[in-house]
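Below is one structure; the comments refer to it alone.
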Amino acid sequence: MSPQPSMSSSHSLHSSYSSVSSPTAPSTASSTAAGALEKGAIGTGDLVFFVVAAAAPLTVMAGVAPVAIGMAGQAAPLGYLISGLLLIVFAAGFTAMSRYVRNAGAFYAYIGRGLGRAVGVGSAYVALLAYNAIEVGLLAVFGWFTESGFHELTGVRVSWWVWALSGLAAIGALGYLKVTLSAKVLGVALALEVLVLLVFEAGVFAHGGGPDGPRLGALSPEHLAHAGVGGMFVLAVGAFIGFEATAIYAEEVRRPERSVPRATYIAVGFLALFYTFTVWTIINAFGADRVQAVANGAGGTDMVFTATERFAGAWAADAMHLLVITSAFAAVLAFHNGATRYFYALGREGLLPRRLGTVTAGTRSPAAAVVLQSALGLAGVLATIATGADPYAVTFLWTNGTGILGIMIMQALAALAVYGFFRRDRRGLPAWRVVAAPLLAGAGLAVLIVLVCRNLGLLTGASAGINAALLVPLPLAFAAGLAVALRIRRRDPQRYALLTTVDAERG
(Lines give C-alpha, C1' and ligand atoms only; values in the text may rest on other atoms or scores of the structure.)
Protein backbone atom coordinates (compact mmCIF):
# COMPACT_ATOMS: atom_id res chain seq x y z
CA MET A 1 0.00 0.00 0.00
CA SER A 2 1.13 3.52 -0.59
CA PRO A 3 1.82 5.79 2.38
CA GLN A 4 -1.02 7.74 3.94
CA PRO A 5 -2.01 10.66 1.68
CA SER A 6 -1.41 14.19 2.79
CA MET A 7 -4.26 16.41 3.93
CA SER A 8 -4.31 18.09 0.55
CA SER A 9 -4.61 14.79 -1.33
CA SER A 10 -7.32 13.67 1.11
CA HIS A 11 -9.28 16.84 0.38
CA SER A 12 -8.90 16.23 -3.34
CA LEU A 13 -10.15 12.67 -2.92
CA HIS A 14 -13.28 13.84 -1.11
CA SER A 15 -13.93 16.48 -3.72
CA SER A 16 -13.61 13.89 -6.48
CA TYR A 17 -15.93 11.52 -4.70
CA SER A 18 -18.57 14.21 -4.31
CA SER A 19 -18.48 15.09 -7.99
CA VAL A 20 -18.58 11.49 -9.16
CA SER A 21 -21.09 9.85 -6.86
CA SER A 22 -23.44 12.47 -5.41
CA PRO A 23 -26.70 13.35 -7.10
CA THR A 24 -25.64 16.97 -7.03
CA ALA A 25 -22.06 17.70 -6.14
CA PRO A 26 -21.66 19.90 -3.05
CA SER A 27 -20.20 23.24 -3.91
CA THR A 28 -18.82 24.16 -0.51
CA ALA A 29 -17.24 22.52 2.47
CA SER A 30 -20.21 23.44 4.58
CA SER A 31 -22.62 21.73 2.29
CA THR A 32 -20.51 18.63 2.42
CA ALA A 33 -20.55 18.73 6.20
CA ALA A 34 -24.32 19.08 6.20
CA GLY A 35 -24.54 15.54 4.91
CA ALA A 36 -22.12 14.12 7.45
CA LEU A 37 -22.59 12.49 10.82
CA GLU A 38 -21.87 14.73 13.81
CA LYS A 39 -18.14 14.97 14.42
CA GLY A 40 -16.72 14.77 17.92
CA ALA A 41 -20.02 13.75 19.51
CA ILE A 42 -18.73 10.53 21.11
CA GLY A 43 -15.97 9.99 23.66
CA THR A 44 -14.07 6.87 24.74
CA GLY A 45 -16.58 6.10 27.50
CA ASP A 46 -19.49 6.36 25.05
CA LEU A 47 -17.72 3.95 22.70
CA VAL A 48 -17.23 1.43 25.49
CA PHE A 49 -20.94 1.68 26.36
CA PHE A 50 -21.93 1.03 22.73
CA VAL A 51 -19.68 -2.02 22.49
CA VAL A 52 -20.40 -3.64 25.86
CA ALA A 53 -24.12 -2.83 25.68
CA ALA A 54 -24.27 -4.46 22.23
CA ALA A 55 -22.73 -7.54 23.83
CA ALA A 56 -25.51 -7.39 26.49
CA PRO A 57 -23.69 -9.10 29.39
CA LEU A 58 -26.82 -9.92 31.37
CA THR A 59 -28.69 -11.26 28.34
CA VAL A 60 -25.65 -13.37 27.46
CA MET A 61 -25.17 -14.71 30.97
CA ALA A 62 -28.83 -15.24 31.94
CA GLY A 63 -30.25 -16.14 28.54
CA VAL A 64 -27.43 -17.69 26.54
CA ALA A 65 -24.77 -19.03 28.93
CA PRO A 66 -27.12 -21.82 30.17
CA VAL A 67 -27.34 -23.06 26.57
CA ALA A 68 -23.53 -22.95 26.25
CA ILE A 69 -23.16 -24.87 29.52
CA GLY A 70 -25.74 -27.39 28.35
CA MET A 71 -23.68 -27.97 25.20
CA ALA A 72 -20.15 -28.03 26.61
CA GLY A 73 -20.46 -28.38 30.37
CA GLN A 74 -17.33 -27.31 32.22
CA ALA A 75 -15.66 -26.21 28.96
CA ALA A 76 -17.91 -23.13 28.77
CA PRO A 77 -15.74 -20.72 30.83
CA LEU A 78 -12.69 -21.52 28.70
CA GLY A 79 -14.79 -21.00 25.58
CA TYR A 80 -15.48 -17.41 26.58
CA LEU A 81 -11.87 -16.83 27.66
CA ILE A 82 -10.35 -18.25 24.46
CA SER A 83 -12.79 -16.26 22.32
CA GLY A 84 -11.89 -13.07 24.18
CA LEU A 85 -8.13 -13.68 23.90
CA LEU A 86 -8.46 -14.36 20.18
CA LEU A 87 -10.36 -11.13 19.66
CA ILE A 88 -7.77 -9.19 21.66
CA VAL A 89 -5.14 -10.51 19.25
CA PHE A 90 -7.43 -9.47 16.40
CA ALA A 91 -7.84 -6.03 17.96
CA ALA A 92 -4.08 -5.40 17.84
CA GLY A 93 -4.12 -5.14 14.06
CA PHE A 94 -7.69 -3.85 13.84
CA THR A 95 -6.89 -0.81 15.99
CA ALA A 96 -3.63 -0.19 14.14
CA MET A 97 -5.60 0.12 10.90
CA SER A 98 -8.17 2.36 12.58
CA ARG A 99 -5.62 5.19 12.45
CA TYR A 100 -5.89 5.22 8.68
CA VAL A 101 -9.45 4.04 7.94
CA ARG A 102 -12.34 5.95 9.53
CA ASN A 103 -15.58 5.00 7.91
CA ALA A 104 -19.05 4.23 9.28
CA GLY A 105 -18.90 1.03 7.21
CA ALA A 106 -16.18 -0.37 9.52
CA PHE A 107 -15.38 -3.91 8.31
CA TYR A 108 -16.49 -3.00 4.78
CA ALA A 109 -13.95 -0.20 4.59
CA TYR A 110 -11.19 -2.20 6.26
CA ILE A 111 -11.64 -5.18 3.95
CA GLY A 112 -11.95 -2.96 0.91
CA ARG A 113 -8.70 -1.18 1.68
CA GLY A 114 -6.77 -4.35 2.48
CA LEU A 115 -8.19 -7.02 0.15
CA GLY A 116 -9.70 -5.03 -2.68
CA ARG A 117 -12.79 -2.91 -3.16
CA ALA A 118 -14.91 -5.68 -4.67
CA VAL A 119 -14.26 -7.97 -1.68
CA GLY A 120 -15.06 -5.03 0.59
CA VAL A 121 -18.42 -4.43 -1.05
CA GLY A 122 -19.24 -8.14 -0.87
CA SER A 123 -18.46 -8.09 2.86
CA ALA A 124 -20.63 -5.00 3.31
CA TYR A 125 -23.67 -6.86 2.04
CA VAL A 126 -22.82 -9.72 4.41
CA ALA A 127 -22.58 -7.15 7.22
CA LEU A 128 -26.06 -5.83 6.47
CA LEU A 129 -27.47 -9.34 6.46
CA ALA A 130 -25.67 -10.27 9.69
CA TYR A 131 -26.57 -7.12 11.61
CA ASN A 132 -30.20 -7.32 10.58
CA ALA A 133 -30.43 -11.01 11.44
CA ILE A 134 -28.97 -10.37 14.88
CA GLU A 135 -31.22 -7.38 15.51
CA VAL A 136 -34.36 -9.30 14.54
CA GLY A 137 -33.36 -12.12 16.89
CA LEU A 138 -32.56 -9.76 19.73
CA LEU A 139 -35.83 -7.92 19.23
CA ALA A 140 -37.74 -11.19 19.51
CA VAL A 141 -35.84 -12.26 22.62
CA PHE A 142 -36.41 -8.81 24.14
CA GLY A 143 -40.15 -9.39 23.74
CA TRP A 144 -39.78 -12.93 25.11
CA PHE A 145 -37.84 -11.78 28.19
CA THR A 146 -40.28 -8.93 28.78
CA GLU A 147 -43.33 -11.18 28.58
CA SER A 148 -41.76 -13.61 31.04
CA GLY A 149 -40.44 -10.94 33.41
CA PHE A 150 -43.65 -8.92 33.44
CA HIS A 151 -45.67 -12.05 34.15
CA GLU A 152 -43.27 -13.11 36.90
CA LEU A 153 -43.57 -9.76 38.65
CA THR A 154 -47.26 -8.89 38.11
CA GLY A 155 -49.05 -12.12 37.21
CA VAL A 156 -50.29 -10.45 34.01
CA ARG A 157 -49.23 -11.95 30.67
CA VAL A 158 -48.86 -9.65 27.67
CA SER A 159 -47.77 -11.35 24.44
CA TRP A 160 -44.08 -11.05 23.50
CA TRP A 161 -44.82 -9.36 20.19
CA VAL A 162 -46.59 -6.45 21.88
CA TRP A 163 -43.42 -5.78 23.87
CA ALA A 164 -41.23 -6.30 20.81
CA LEU A 165 -43.16 -3.77 18.74
CA SER A 166 -43.19 -1.27 21.62
CA GLY A 167 -39.44 -1.70 22.02
CA LEU A 168 -38.91 -1.24 18.29
CA ALA A 169 -40.83 2.05 18.36
CA ALA A 170 -38.65 3.34 21.22
CA ILE A 171 -35.46 2.17 19.51
CA GLY A 172 -36.44 3.85 16.26
CA ALA A 173 -37.06 7.11 18.11
CA LEU A 174 -33.70 6.93 19.90
CA GLY A 175 -31.96 6.13 16.61
CA TYR A 176 -33.52 9.24 15.08
CA LEU A 177 -32.30 11.49 17.89
CA LYS A 178 -28.72 12.47 18.70
CA VAL A 179 -26.34 9.56 19.07
CA THR A 180 -25.24 10.90 22.47
CA LEU A 181 -28.72 10.17 23.86
CA SER A 182 -28.36 6.52 22.87
CA ALA A 183 -24.97 6.46 24.61
CA LYS A 184 -26.52 7.73 27.86
CA VAL A 185 -29.30 5.14 27.73
CA LEU A 186 -26.80 2.37 27.04
CA GLY A 187 -24.51 3.55 29.84
CA VAL A 188 -27.24 3.40 32.49
CA ALA A 189 -28.52 0.01 31.28
CA LEU A 190 -25.00 -1.42 31.21
CA ALA A 191 -24.10 -0.25 34.72
CA LEU A 192 -27.24 -1.81 36.19
CA GLU A 193 -26.92 -5.17 34.45
CA VAL A 194 -23.26 -5.54 35.44
CA LEU A 195 -24.16 -4.60 39.01
CA VAL A 196 -26.84 -7.28 39.37
CA LEU A 197 -24.44 -9.94 38.06
CA LEU A 198 -21.86 -8.82 40.61
CA VAL A 199 -24.52 -9.20 43.31
CA PHE A 200 -25.15 -12.77 42.12
CA GLU A 201 -21.43 -13.58 42.14
CA ALA A 202 -20.94 -12.07 45.58
CA GLY A 203 -23.88 -14.10 46.88
CA VAL A 204 -22.43 -17.37 45.59
CA PHE A 205 -19.03 -16.82 47.16
CA ALA A 206 -20.52 -15.45 50.38
CA HIS A 207 -22.11 -18.89 50.74
CA GLY A 208 -18.82 -20.72 50.25
CA GLY A 209 -18.72 -20.77 46.47
CA GLY A 210 -21.50 -23.29 45.84
CA PRO A 211 -22.26 -26.81 47.11
CA ASP A 212 -18.75 -28.10 46.43
CA GLY A 213 -16.87 -24.85 47.04
CA PRO A 214 -14.93 -23.01 44.31
CA ARG A 215 -13.45 -25.51 41.88
CA LEU A 216 -10.73 -24.30 39.52
CA GLY A 217 -10.87 -27.61 37.67
CA ALA A 218 -13.61 -26.13 35.46
CA LEU A 219 -10.89 -24.05 33.80
CA SER A 220 -8.82 -27.08 32.79
CA PRO A 221 -8.09 -27.34 29.04
CA GLU A 222 -9.00 -31.03 29.12
CA HIS A 223 -12.68 -30.04 29.01
CA LEU A 224 -12.22 -28.65 25.48
CA ALA A 225 -12.37 -32.23 24.18
CA HIS A 226 -16.11 -32.27 24.98
CA ALA A 227 -18.32 -33.09 21.98
CA GLY A 228 -20.39 -29.92 22.31
CA VAL A 229 -17.50 -27.46 22.24
CA GLY A 230 -17.97 -26.55 18.56
CA GLY A 231 -21.54 -25.40 19.07
CA MET A 232 -20.59 -23.66 22.29
CA PHE A 233 -18.10 -21.48 20.40
CA VAL A 234 -20.98 -20.06 18.33
CA LEU A 235 -22.36 -18.62 21.55
CA ALA A 236 -18.98 -17.73 23.08
CA VAL A 237 -17.74 -15.77 20.06
CA GLY A 238 -21.21 -14.34 19.58
CA ALA A 239 -21.06 -12.92 23.09
CA PHE A 240 -18.45 -10.43 21.87
CA ILE A 241 -20.21 -9.49 18.64
CA GLY A 242 -20.51 -5.74 18.33
CA PHE A 243 -17.01 -4.76 19.48
CA GLU A 244 -16.29 -3.49 15.94
CA ALA A 245 -18.69 -0.65 16.78
CA THR A 246 -15.62 1.24 17.95
CA ALA A 247 -14.74 1.56 14.26
CA ILE A 248 -18.34 2.08 13.09
CA TYR A 249 -18.52 5.30 15.14
CA ALA A 250 -15.01 6.49 14.18
CA GLU A 251 -16.45 9.34 12.09
CA GLU A 252 -18.35 10.65 15.13
CA VAL A 253 -15.77 10.15 17.88
CA ARG A 254 -13.42 12.65 19.49
CA ARG A 255 -9.74 11.93 18.81
CA PRO A 256 -10.41 8.61 17.05
CA GLU A 257 -6.72 7.76 16.81
CA ARG A 258 -6.75 7.35 20.61
CA SER A 259 -10.39 6.67 21.46
CA VAL A 260 -10.95 3.74 19.07
CA PRO A 261 -7.99 1.60 20.27
CA ARG A 262 -8.63 2.40 23.94
CA ALA A 263 -12.33 1.61 23.76
CA THR A 264 -11.70 -1.61 21.84
CA TYR A 265 -9.17 -3.00 24.32
CA ILE A 266 -11.20 -1.90 27.36
CA ALA A 267 -14.41 -3.43 26.02
CA VAL A 268 -13.00 -6.75 24.80
CA GLY A 269 -10.75 -7.19 27.84
CA PHE A 270 -13.58 -6.45 30.25
CA LEU A 271 -15.98 -8.80 28.50
CA ALA A 272 -13.47 -11.66 28.33
CA LEU A 273 -12.74 -11.54 32.05
CA PHE A 274 -16.31 -10.82 33.15
CA TYR A 275 -17.86 -13.56 31.03
CA THR A 276 -15.29 -16.14 32.08
CA PHE A 277 -15.66 -15.39 35.78
CA THR A 278 -19.46 -15.26 35.64
CA VAL A 279 -19.81 -18.58 33.77
CA TRP A 280 -17.35 -20.18 36.19
CA THR A 281 -19.48 -18.82 39.06
CA ILE A 282 -22.64 -20.31 37.52
CA ILE A 283 -20.91 -23.69 37.32
CA ASN A 284 -19.83 -23.47 40.96
CA ALA A 285 -23.33 -22.40 42.04
CA PHE A 286 -24.79 -25.72 40.87
CA GLY A 287 -21.72 -27.93 41.23
CA ALA A 288 -19.32 -28.78 38.43
CA ASP A 289 -20.51 -32.38 38.17
CA ARG A 290 -24.20 -31.49 38.02
CA VAL A 291 -24.37 -28.19 36.17
CA GLN A 292 -24.70 -29.61 32.64
CA ALA A 293 -27.62 -31.82 33.65
CA VAL A 294 -29.30 -28.78 35.25
CA ALA A 295 -28.75 -26.70 32.11
CA ASN A 296 -30.30 -29.40 29.92
CA GLY A 297 -33.16 -30.15 32.30
CA ALA A 298 -36.53 -28.56 32.92
CA GLY A 299 -36.05 -24.94 33.90
CA GLY A 300 -32.47 -24.91 32.62
CA THR A 301 -32.97 -21.62 30.82
CA ASP A 302 -33.85 -20.03 34.18
CA MET A 303 -30.86 -21.44 36.07
CA VAL A 304 -29.15 -18.06 36.56
CA PHE A 305 -32.34 -16.55 38.02
CA THR A 306 -32.76 -19.62 40.23
CA ALA A 307 -29.19 -19.39 41.52
CA THR A 308 -29.53 -15.64 42.11
CA GLU A 309 -32.63 -16.15 44.24
CA ARG A 310 -30.95 -18.96 46.19
CA PHE A 311 -27.67 -17.16 46.92
CA ALA A 312 -28.56 -13.44 46.80
CA GLY A 313 -32.27 -13.34 47.63
CA ALA A 314 -35.60 -12.97 45.86
CA TRP A 315 -35.11 -9.19 45.52
CA ALA A 316 -31.97 -9.78 43.43
CA ALA A 317 -33.76 -12.31 41.21
CA ASP A 318 -36.64 -9.85 40.71
CA ALA A 319 -34.15 -7.11 39.83
CA MET A 320 -32.46 -9.47 37.38
CA HIS A 321 -35.79 -10.23 35.69
CA LEU A 322 -36.24 -6.50 35.12
CA LEU A 323 -32.67 -5.78 34.10
CA VAL A 324 -32.43 -8.61 31.58
CA ILE A 325 -35.22 -6.74 29.78
CA THR A 326 -33.22 -3.50 29.72
CA SER A 327 -30.12 -5.49 28.74
CA ALA A 328 -31.86 -6.98 25.71
CA PHE A 329 -33.28 -3.54 24.84
CA ALA A 330 -29.81 -2.01 25.03
CA ALA A 331 -28.42 -4.73 22.75
CA VAL A 332 -31.14 -4.15 20.15
CA LEU A 333 -30.50 -0.40 20.31
CA ALA A 334 -26.74 -0.86 19.85
CA PHE A 335 -27.17 -3.19 16.86
CA HIS A 336 -29.85 -0.93 15.40
CA ASN A 337 -27.45 2.03 15.53
CA GLY A 338 -24.64 -0.05 14.04
CA ALA A 339 -26.77 -1.36 11.18
CA THR A 340 -28.08 2.11 10.33
CA ARG A 341 -24.49 3.32 9.95
CA TYR A 342 -23.76 0.52 7.50
CA PHE A 343 -26.82 1.59 5.51
CA TYR A 344 -25.61 5.18 5.73
CA ALA A 345 -22.08 4.33 4.55
CA LEU A 346 -23.31 2.26 1.60
CA GLY A 347 -25.94 4.81 0.65
CA ARG A 348 -23.32 7.56 0.74
CA GLU A 349 -21.18 5.60 -1.72
CA GLY A 350 -24.06 4.71 -4.03
CA LEU A 351 -23.99 0.99 -3.21
CA LEU A 352 -27.54 1.32 -1.92
CA PRO A 353 -30.11 4.07 -2.62
CA ARG A 354 -28.40 7.41 -1.97
CA ARG A 355 -31.21 8.58 0.24
CA LEU A 356 -29.81 6.25 2.92
CA GLY A 357 -26.58 8.26 2.92
CA THR A 358 -28.20 11.44 4.22
CA VAL A 359 -28.58 12.82 7.74
CA THR A 360 -31.05 15.15 9.43
CA ALA A 361 -29.96 18.77 9.85
CA GLY A 362 -30.79 18.95 13.55
CA THR A 363 -29.64 15.68 15.07
CA ARG A 364 -27.12 14.56 12.42
CA SER A 365 -28.71 11.11 12.52
CA PRO A 366 -29.06 8.93 9.38
CA ALA A 367 -32.85 9.25 9.44
CA ALA A 368 -33.62 7.36 6.22
CA ALA A 369 -31.43 4.48 7.35
CA VAL A 370 -33.17 4.49 10.75
CA VAL A 371 -36.59 4.21 9.08
CA LEU A 372 -35.45 1.36 6.83
CA GLN A 373 -33.80 -0.48 9.72
CA SER A 374 -36.97 -0.11 11.80
CA ALA A 375 -39.06 -1.46 8.92
CA LEU A 376 -36.82 -4.53 8.65
CA GLY A 377 -37.15 -5.12 12.39
CA LEU A 378 -40.92 -4.86 12.03
CA ALA A 379 -40.87 -7.37 9.18
CA GLY A 380 -38.95 -9.83 11.36
CA VAL A 381 -41.48 -9.58 14.19
CA LEU A 382 -44.43 -9.92 11.81
CA ALA A 383 -42.86 -12.96 10.16
CA THR A 384 -42.45 -14.62 13.56
CA ILE A 385 -46.09 -13.89 14.41
CA ALA A 386 -47.35 -15.13 11.03
CA THR A 387 -45.44 -18.42 11.20
CA GLY A 388 -46.12 -19.03 14.88
CA ALA A 389 -42.38 -19.54 15.46
CA ASP A 390 -41.00 -19.59 19.00
CA PRO A 391 -39.38 -16.17 19.53
CA TYR A 392 -36.49 -17.67 21.52
CA ALA A 393 -35.87 -21.18 20.19
CA VAL A 394 -36.43 -20.26 16.53
CA THR A 395 -36.28 -16.54 15.81
CA PHE A 396 -33.49 -15.72 18.26
CA LEU A 397 -31.30 -18.81 17.92
CA TRP A 398 -31.73 -19.28 14.17
CA THR A 399 -31.16 -15.66 13.16
CA ASN A 400 -28.22 -15.30 15.53
CA GLY A 401 -26.65 -18.45 14.11
CA THR A 402 -26.63 -16.79 10.68
CA GLY A 403 -25.70 -13.35 11.98
CA ILE A 404 -22.89 -14.42 14.28
CA LEU A 405 -21.32 -16.60 11.60
CA GLY A 406 -21.55 -13.71 9.13
CA ILE A 407 -19.70 -11.40 11.48
CA MET A 408 -17.10 -14.08 12.24
CA ILE A 409 -16.43 -14.36 8.50
CA MET A 410 -16.03 -10.58 8.28
CA GLN A 411 -13.68 -10.61 11.25
CA ALA A 412 -11.51 -13.24 9.55
CA LEU A 413 -11.48 -11.20 6.33
CA ALA A 414 -10.71 -8.03 8.27
CA ALA A 415 -7.76 -9.74 9.95
CA LEU A 416 -6.36 -10.65 6.53
CA ALA A 417 -7.12 -7.12 5.34
CA VAL A 418 -4.94 -5.66 8.11
CA TYR A 419 -2.04 -7.77 6.85
CA GLY A 420 -2.78 -6.73 3.26
CA PHE A 421 -2.97 -3.05 4.19
CA PHE A 422 0.40 -3.02 5.98
CA ARG A 423 2.16 -5.65 3.85
CA ARG A 424 4.23 -3.21 1.81
CA ASP A 425 4.48 -0.39 4.32
CA ARG A 426 4.16 -1.04 8.05
CA ARG A 427 4.08 2.75 8.67
CA GLY A 428 6.54 2.39 11.52
CA LEU A 429 4.39 -0.13 13.42
CA PRO A 430 5.92 -3.36 14.84
CA ALA A 431 5.64 -6.56 12.82
CA TRP A 432 3.96 -8.43 15.68
CA ARG A 433 1.05 -5.99 15.56
CA VAL A 434 0.41 -5.70 11.81
CA VAL A 435 1.76 -9.05 10.54
CA ALA A 436 1.82 -11.74 13.24
CA ALA A 437 -1.30 -10.71 15.18
CA PRO A 438 -3.69 -10.39 12.21
CA LEU A 439 -2.47 -13.64 10.62
CA LEU A 440 -2.82 -15.50 13.93
CA ALA A 441 -6.28 -14.02 14.51
CA GLY A 442 -7.35 -14.87 10.96
CA ALA A 443 -6.22 -18.49 11.37
CA GLY A 444 -7.93 -18.81 14.74
CA LEU A 445 -11.17 -17.36 13.42
CA ALA A 446 -11.04 -19.68 10.42
CA VAL A 447 -10.82 -22.70 12.75
CA LEU A 448 -13.78 -21.43 14.78
CA ILE A 449 -15.80 -20.78 11.62
CA VAL A 450 -15.32 -24.41 10.55
CA LEU A 451 -16.31 -25.61 14.03
CA VAL A 452 -19.41 -23.42 13.98
CA CYS A 453 -20.52 -24.63 10.55
CA ARG A 454 -20.04 -28.28 11.53
CA ASN A 455 -21.91 -27.86 14.82
CA LEU A 456 -24.60 -25.31 13.96
CA GLY A 457 -27.30 -27.87 14.72
CA LEU A 458 -26.25 -27.89 18.38
CA LEU A 459 -27.26 -24.24 18.54
CA THR A 460 -30.39 -24.25 16.38
CA GLY A 461 -31.75 -27.68 17.27
CA ALA A 462 -32.89 -27.83 13.64
CA SER A 463 -32.47 -30.37 10.85
CA ALA A 464 -29.49 -30.44 8.51
CA GLY A 465 -31.62 -28.93 5.75
CA ILE A 466 -32.64 -25.95 7.86
CA ASN A 467 -29.08 -25.40 9.03
CA ALA A 468 -27.91 -25.36 5.42
CA ALA A 469 -30.67 -22.89 4.59
CA LEU A 470 -29.46 -20.65 7.43
CA LEU A 471 -25.93 -20.62 5.94
CA VAL A 472 -26.82 -20.12 2.26
CA PRO A 473 -27.79 -16.41 2.56
CA LEU A 474 -24.22 -15.50 3.55
CA PRO A 475 -22.47 -16.48 0.29
CA LEU A 476 -25.45 -15.16 -1.68
CA ALA A 477 -25.14 -11.76 0.01
CA PHE A 478 -21.39 -11.71 -0.65
CA ALA A 479 -21.95 -12.63 -4.30
CA ALA A 480 -24.54 -9.87 -4.68
CA GLY A 481 -22.14 -7.26 -3.30
CA LEU A 482 -19.32 -8.57 -5.47
CA ALA A 483 -21.54 -8.31 -8.57
CA VAL A 484 -22.48 -4.72 -7.72
CA ALA A 485 -18.84 -3.75 -7.26
CA LEU A 486 -17.71 -5.38 -10.52
CA ARG A 487 -20.55 -3.69 -12.36
CA ILE A 488 -19.42 -0.31 -11.04
CA ARG A 489 -15.80 -1.08 -11.99
CA ARG A 490 -16.86 -1.91 -15.53
CA ARG A 491 -19.12 1.10 -16.01
CA ASP A 492 -17.38 3.78 -13.95
CA PRO A 493 -13.74 3.02 -13.05
CA GLN A 494 -13.23 6.43 -11.45
CA ARG A 495 -16.11 5.92 -9.04
CA TYR A 496 -14.93 2.37 -8.30
CA ALA A 497 -11.48 3.70 -7.37
CA LEU A 498 -13.07 5.86 -4.66
CA LEU A 499 -15.11 3.12 -2.97
CA THR A 500 -14.24 2.58 0.75
CA THR A 501 -12.12 5.76 0.85
CA VAL A 502 -14.68 8.48 1.64
CA ASP A 503 -13.98 9.90 5.11
CA ALA A 504 -11.15 7.39 5.48
CA GLU A 505 -8.13 9.68 5.46
CA ARG A 506 -9.02 12.42 7.92
CA GLY A 507 -6.54 13.55 10.51
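Side-chain atoms are counted along with the backbone in the values below, which use heavy atoms only and exclude waters and symmetry mates.
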Are [X] and [Y] packed together at the side-chain level, in the sense that at least one heavy-atom pair is separated by less than 4.5 angstrom?
X	Y	result
L86	V237	no
E193	V324	no
V136	T395	yes
M61	L197	yes
V156	F150	yes

Requested in this report: Tell me whether the guanidinium CZ or amine NZ of R113 lies under 6.0 angstrom from the six-membered ring centre of F421 and within 45° of its axis.
Outcome: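 No, R113 and F421 do not form such a contact.
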
Query raised in the report: Is R310 close enough and on-axis enough to F286, meaning under 6.0 Å and within 45°, for cation-pi?
Result: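 Yes, R310 lies over the aromatic ring of F286.
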
**Report entry** Between N132 and Q373: side-chain donor-acceptor atoms closer than 3.5 Å
**Finding:**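 A donor-acceptor contact under 3.5 Å links the two side chains.
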
Only pairs under 3.5 Å count here: list side-chain donor-acceptor contacts from residues 138-148, not counting sequence neighbours, and write none if there are none.
residue, atom, partner, partner atom, Å
T146, OG1, F142, O, 2.6
E147, OE1, W160, N, 3.0
E147, OE2, R157, NH1, 3.1

**Report entry** Aromatic plane relationship, F305 with H321 - under 30° parallel, 30 to 60° tilted, over 60° perpendicular
**Finding:**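 It falls in the parallel class, under 30°.
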
Are [X] and [Y] near enough that their ring centres are under 6.0 Å apart?
X	Y	value
Y275	F240	yes
F94	Y110	yes
Y265	F270	no

Query raised in the report: For A236 and S83, which heavy atoms make the closest approach, and how far apart are they?
Result: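 Between these two residues, the closest heavy atoms are CB-OG, 3.5 Å.
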
Query raised in the report: What closest approach, in Å, do A389 and V394 show between heavy atoms, and which atom pair accounts for it?
Result: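 Closest heavy-atom pair between A389 and V394: CB-CG1, 3.8 Å.
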
Query - Residues Y108, Y125; criterion ring pair (Phe, Tyr, Trp, His ring centres under 6.0 Å); working and verdict - result: CA-CA 9 Å; Y108 148 65; Y125 280 51; 9.1 Å; no

